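Step one of this worksheet: look at the structure below.
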Amino acid sequence: MLDIQLLRNHLAAVVARLETRGATLETTSFLALETERKDLQTRTQDLQARRNSLSKQIGQLKARGEDSTGAMQEVAGLGDALKHSEERLAVVLEEINAFVATVPNLPHESVPIGTSDAGNVEVKRWGNPRSFDFAAQDHVDIGAALGGLDLDVAVKISGARFSVMKGGVARMHRALAQFMLDTHTGEHGYTEVYAPYLVNAKSMFCTGQLPKFEEDLFGVLRDGADKLYLIPTAEVPVTNIVRDQILGAEALPLKFVCHTPCFRSEAGSYGRDTRGMIRQHQFDKVELVRIERPEDSWAALKELTAHAEAILELLDLPYRRMALCTGDMGFSSAKTYDLEVWLPAQNAYREISSCSNFEAFQARRMQARFRGDKGKPELVHTLNGSGLAVGRTLVAVLENYQQADGSVIVPQALRPYMGGLERLAPASESRL
RNA sequence: GGAAGCGUGGCCGAGCGGUUUAAGGCACCGGUCUUGAAAACCGGCGAUGGGCAACCAUCCGUGAGUUCGAAUCUCACCGCUUCCGCCA
């Protein structure tokens, strides 16, 4: 959420900045609401002040045993006007809040201007895509040959966009998550977190998924209880850890890593990436979350992105880093780097991580603050990034490490997590 | 699932219809003292919003209600604790 003061005092500048990301603000209705709010607020407060002082007089008169009917009559006359004014003010404030809650974050000044992913800028490239002396297969065929990936049976069990893994492939999927967690906790200083996969609407609001993107979520209804939502990313429960808190300055930064399944309805992406495990309703992800002092958040974004890149480098997977343009960034983000891994079968780089600085946007929704040097509570900055999407990392390993005979070499870094296994081979699959 | 109790500022905790302008303590900040620190003493110290200065309003889990006036009384909901039952 943007600071309401920014909208009140610098509306034109905010509008211009948001236009770069394709967002249009309904300024006319906002300004009308603000005018009414200002008027109602002063009127309400004047009436309240009058009521309070009269009520105090009544108390004092009664304590002295004097007559208080005059004051009683005057305050009775206030009643209707005050009630009316308070109720209308509550409605207007609610409408203003609802409006502000739908306004996306301002892009940082360093974000390239653009209207779609075509405007994203490559800022780094690492590794050399391998050249194959045979026809490279995609992960669906590789996985099927290994007997380790069955998308048809997943359709039977759940429907499209789910997968069933078995044997060595399932084990590699698990190994990848363990490897990522160990690297981030052991090498990068993150604290491992286990968090709920079902969260309430408030949590979804605070990180920015609600109210605008309900259609992207899976909801769970229960008799007589509030609706819960399946998390689309661990960002939601982990960032909400600091909701409604005033942290000591010495507590910062907080660095969390959390491995969870993620659930996305993928509404609006019909027909995209229908083949294989690239776009699923359920996928695992290891997420990095950081709570920072405002002055440290930009350095933290660089560091967090490098931590995600370290996983790709340890797995020796070629990738590039993209600075997302204004038109391609998520609702809550001030700046985002996407990491894209090389997929031989697609002959393309595909997103495998997204690292963002939200500045105070989520913190303001959450009322997540710390007590800084000035002694006053200040909003923290929040960041997160995938470190990495586990399913897509598995896809990348299968495709980049495939051999002519249909086997897949296990990356060195993963072998300790797979009992020293060096290769996934079709013939050996049943014994795993 | 049953019973009882409890939700007050960063933390602990008093207050149970009108000198509450929310006591007191801890923590924190400033000062005195000290070579320095600690202790002691003195002073300051909640959040949000409106004017942006004085000041005013709102906030005691959330929401309704009673009242001239609610942290305080009523109702509903949420959460926590303890005991019993059930359970991985």
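Since we're looking at a predicted model, the values are computed, not measured. A note on names: the letters A, B, ... follow the listed sequences, proteins ahead of strands, and every chain is numbered from 1.
What separates CE of M72(A) from P of rG69(B) is a distance of 9 Å, to the nearest Å. Whole-Å rounding puts the L228(A) CG to rC78(B) P distance at 13 Å. Atom NZ of K376(A) and atom P of rG49(B) are 11 Å apart (whole Å). At whole-Å resolution of the value, CG in L47(A) and P in rG50(B) are 19 Å apart. As rounded to whole Å, 11 Å separates atom P of rC29(B) from atom CD of E250(A). When the P atom of rG50(B) is taken as reference, atom CD of Q41(A) falls 7 Å away, rounded to whole Å. Put simply, CG on D244(A) is 14 Å from C1' on rG10(B), counting in whole angstrom units. Rounded to whole Å, atom P of rA47(B) lies 17 Å from atom CD of Q245(A).
In this view, N52(A) satisfies the side-chain contact (heavy atoms from CB on, under 4.5 Å) rule with no residue, not counting sequence neighbours. Residues forming a side-chain contact (heavy atoms from CB on, under 4.5 Å) with Q41(A) (at least two apart in sequence, or on another chain): R37(A), Q45(A), L89(A). The salt bridge (charged side-chain N to carboxylate O under 4.0 Å, His left out) test applied to R290(A) returns E292(A), E303(A), not counting sequence neighbours.
Legend: ring pair (Phe, Tyr, Trp, His ring centres under 6.0 Å) pairs involving residues 55-99 of chain A, not counting sequence neighbours, sorted by first then second residue: F30(A)-F99(A). Evaluation of the salt bridge (Lys or Arg N to Asp or Glu O under 4.0 Å) test over residues 234-253 of chain A, restricted to residues two or more places apart or in two chains, returns none. Contacts classified as salt bridge (Lys or Arg N to Asp or Glu O under 4.0 Å) and involving residues 258-270 of chain A (residues at least two apart or in different chains) are given here: E266(A)-R279(A). For residues 6-21 of chain A, the set of pairs meeting the salt bridge (Lys or Arg N to Asp or Glu O under 4.0 Å) definition, not counting sequence neighbours, comprises R8(A)-E34(A). Counting only residues at least two apart or in different chains, salt bridge (Lys or Arg N to Asp or Glu O under 4.0 Å) contacts with residues 174-200 of chain A are absent.
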Could you go over nucleotides 73-77 of chain B and give all protein N or O partners under 3.5 Å, atom names and distances?
none

When Watson-Crick pairs (N1 to N3 and N6-O4 or O6-N4) and G-U wobble pairs (N1-O2 and O6-N3) count only below 3.5 Å on both distances, what is the dot-bracket string of RNA chain B, with | for other-strand pairs? ((((((((.[[[..)..(.....]]].(((((.......))))).(((((....))))).[[[[[..)....]]]]])))))))....
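Of the two residues near RNA chain B, I246(A) and R8(A), the one whose nearest nucleotide lies more 5' is I246(A). Residue order along RNA chain B, read from the 5' end via each residue's closest nucleotide, puts Q367(A) first among K83(A) and Q367(A).
Residues S110(A) and K335(A) bring a donor and an acceptor atom of their side chains to less than 3.5 Å of each other. No side-chain N or O of S265(A) forms a donor-acceptor pair with one of E215(A) less than 3.5 Å apart. In the model, E214(A) has a side-chain atom that pairs as donor or acceptor with a side-chain atom of Y229(A) under 3.5 Å. With no hydrogens or angles considered, no side-chain donor-acceptor pair links S333(A) and N105(A) at under 3.5 Å. A donor-acceptor contact closer than 3.5 angstrom links the side chains of R423(A) and S407(A). Inspection of the Q245(A) and Q367(A) side chains reveals no N or O donor paired with an N or O acceptor under 3.5 Å. Neither side chain, H108(A) nor N357(A), offers a donor N or O lying under 3.5 Å from an acceptor on the other.
Comparing the P positions of rC60(B) and rU72(B) gives an interatomic distance of 8 Å, to the nearest angstrom. rA64(B) and rG46(B): their C1' atoms are spaced 27 Å apart (whole Å). rC55(B) and rU21(B) have their P atoms separated by 16 Å, with the value rounded to a whole Å. Spacing of P atoms, rC16(B) relative to rA71(B), comes out at 13 Å, to the nearest Å. Taking the C1' atom of each, rU8(B) and rA40(B) are spaced 31 Å apart, rounded to whole Å. On the P atoms, rU74(B) is 15 Å away from rG18(B), given to the nearest whole Å. rG7(B) and rC73(B): their P atoms are spaced 11 Å apart (whole Å). Distance noted for atom C1' between rA53(B) and rU35(B): 45 Å (whole Å).
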Classify every nucleotide of nucleotides 16-21 of chain B by which part a protein heavy atom approaches to under 4.0 Å, writing B for the base, S for the sugar-phosphate alone and - for neither, in 5'-to-3' order. --B--S
If a protein heavy atom is under 4.0 Å from the base, mark B; if only from the sugar-phosphate, S; if neither, -; do that for nucleotides 51-64 of chain B going 5' to 3'. S----BSS------
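In this model, the phosphate group of rU48(B) is approached by a side-chain N or O of R369(A) to a distance below 4.0 Å at OP1 or OP2.
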